[in-house]
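Data first, discussion second: the structure below is written as structure tokens.
Keep in mind that what you see is a predicted model, and the values were worked out from it rather than measured. Lettering of chains follows the sequences in order, A, B, ..., and the numbering in each one begins at 1.
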Amino acid sequence: AQSVAQPEDQVNVAEGNPLTVKCTYSVSGNPYLFWYVQYPNRGLQFLLKYITGDNLVKGSYGFEAEFNKSQTSFHLKKPSALVSDSALYFCAVRAYSGAGSYQLTFGKGTKLSVIP
Amino acid sequence: NAGVTQTPKFRILKIGQSMTLQCAQDMNHNYMYWYRQDPGMGLKLIYYSVGAGITDKGEVPNGYNVSRSTTEDFPLRLELAAPSQTSVYFCASSEPPGTGGGYGYTFGSGTRLTVV
């Protein structure tokens with residue numbers, strides 16, 4: 001069965017410092033990986049995805065993620081954190097659900113707090 | 001704006017009551033999903049649909065029902081509400097995998113349901 005693990009419930013980082021939010025996955029076949037962000041009382045918003053190609057993927061709001069096949073990881077990164085980056089971040093992997101259908105399986109989420 | 005619209009935004013139900021959560025999308029997406037989000041648990045898939053007239057169970061379908069009579073609408077029905085169904089419910093839609101549309105989901109803003 002496919003799964004996603006986000007080992008940190010919360011990450012605190014000072015404004016201006018680099019940030020990393022960790023994600024590891026388990027899936028059969030080639031992984032399709034995603035990061036979403038959720039601001040308070042809002043739905044999830046797409047940040048970036050890895051389907052194939054370069055291991056470093058760039059997305060919205062200056063975020064990027066590095067795909068590492070040997071470590072089965074897809075960590076989210078940003079060189080310089082902003083207070084406005086404070087939110088809940090979800091990693092997800094596309095999983096086969098049978099009968100030719102696919103769906104996303106989400107991690108439990110990591111709360112990012114950027115301290116002024 | 002194009003996207004996924006959920007109604008209502010908030011609802012309080014008494015134990016044993018029933019209700020329907022509405023979800024509509026105007027992007028002509030074939031795939032639609034219902035998730036519930038509980039604190040520290042991430043998102044759990046309740047039901048999904050790959051097109052009008054086709055629905056299937058997700059990870060946590062018990063206590064819920066869905067229908068998909070049109071491409072645009074995917075309502076979620078709660079029969080005999082229980083306190084365990086207190087949660088935030090998100091509807092999402094996507095293009096089918098393989099269409100080149102990016103495989104990402106578009107989420108609605110959610111329905112916060114409390115069962116007392």
Side-chain angles (χ1 to χ4, degrees), chain A residues 1-10 21 23 25 27 29-53 57-60 63 65 87-111, chain B residues 1 3-7 9-10 21 23 25 27 29-51 54-61 68 74 88-112:
Chain A
Q2 294 81 1
S3 65
V4 174
Q6 294 182 243
E8 301 154 317
D9 292 334
Q10 178 148 356
V21 182
C23 171
Y25 66 89
V27 65
N30 293 325
Y32 293 172
L33 298 157
F34 302 80
W35 276 101
Y36 285 81
V37 60
Q38 184 182 29
Y39 298 102
N41 300 314
R42 302 290 297 276
L44 277 70
Q45 298 177 30
F46 171 79
L47 269 182
L48 52 78
K49 67 180 185 291
Y50 172 83
I51 304 296
T52 187
V57 178
K58 295 188 182 297
S60 307
F63 283 92
L88 190 56
Y89 291 82
F90 289 94
C91 183
V93 63
R94 193 185 82 159
Y96 182 65
S97 57
S101 176
Y102 293 82
Q103 60 188 256
L104 292 185
T105 297
F106 289 85
K108 293 184 177 182
T110 298
K111 182 179 180 181
Chain B
N1 292 334
V4 178
T5 302
Q6 290 184 240
T7 56
K9 293 189 182 301
F10 304 94
L21 282 67
C23 175
Q25 53 93 8
M27 297 169 286
H29 285 167
N30 285 330
Y31 281 45
M32 296 188 74
Y33 315 83
W34 274 106
Y35 284 88
R36 60 177 287 171
Q37 182 182 25
D38 301 300
M41 300 298 293
L43 279 80
K44 301 291 187 183
L45 183 66
I46 305 171
Y47 271 94
Y48 66 98
S49 169
V50 300
I54 307 170
T55 63
D56 207 348
K57 296 177 180 179
E59 185 180 358
V60 290
R68 185 93 181 272
F74 190 40
V88 181
Y89 292 84
F90 288 101
C91 179
S93 72
S94 73
E95 296 176 358
T99 61
Y103 310 99
Y105 288 16
T106 301
F107 281 84
S109 57
T111 295
R112 186 175 297 273

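A centroid separation of 6.0 Å or more is found between the aromatic rings of A:Phe34 and B:Tyr105.
For B:Gln37, the part lying near chain A is the side chain, with the backbone staying farther off; criterion is any non-hydrogen pair under 4.5 Å. For a residue to count as touching a neighbouring chain, one of its non-hydrogen atoms must lie under 4.5 Å from one of that chain's; by this rule A:Gln45 does not touch chain B.
Here the closest non-hydrogen pair linking A:Leu104 and B:Tyr35 is O-OH, 2.9 Å.
Scored by the side-chain hydrogen bond (donor to acceptor under 3.5 Å, both in side chains) test, B:Ser49 finds B:Arg68 as partners (sequence neighbours excluded). A:Lys108 is linked by a salt bridge (charged side-chain N to carboxylate O under 4.0 Å, His left out) to nothing, counting only residues two or more places apart in sequence or in another chain.
Shown here is B:Met27, whose CE atom has more than 12 heavy atoms of other residues, nucleotides or ligands within 6.0 Å.
Considering only heavy atoms from C-beta on, A:Asn41 comes within 4.5 Å of B:Arg112 through its side chain.
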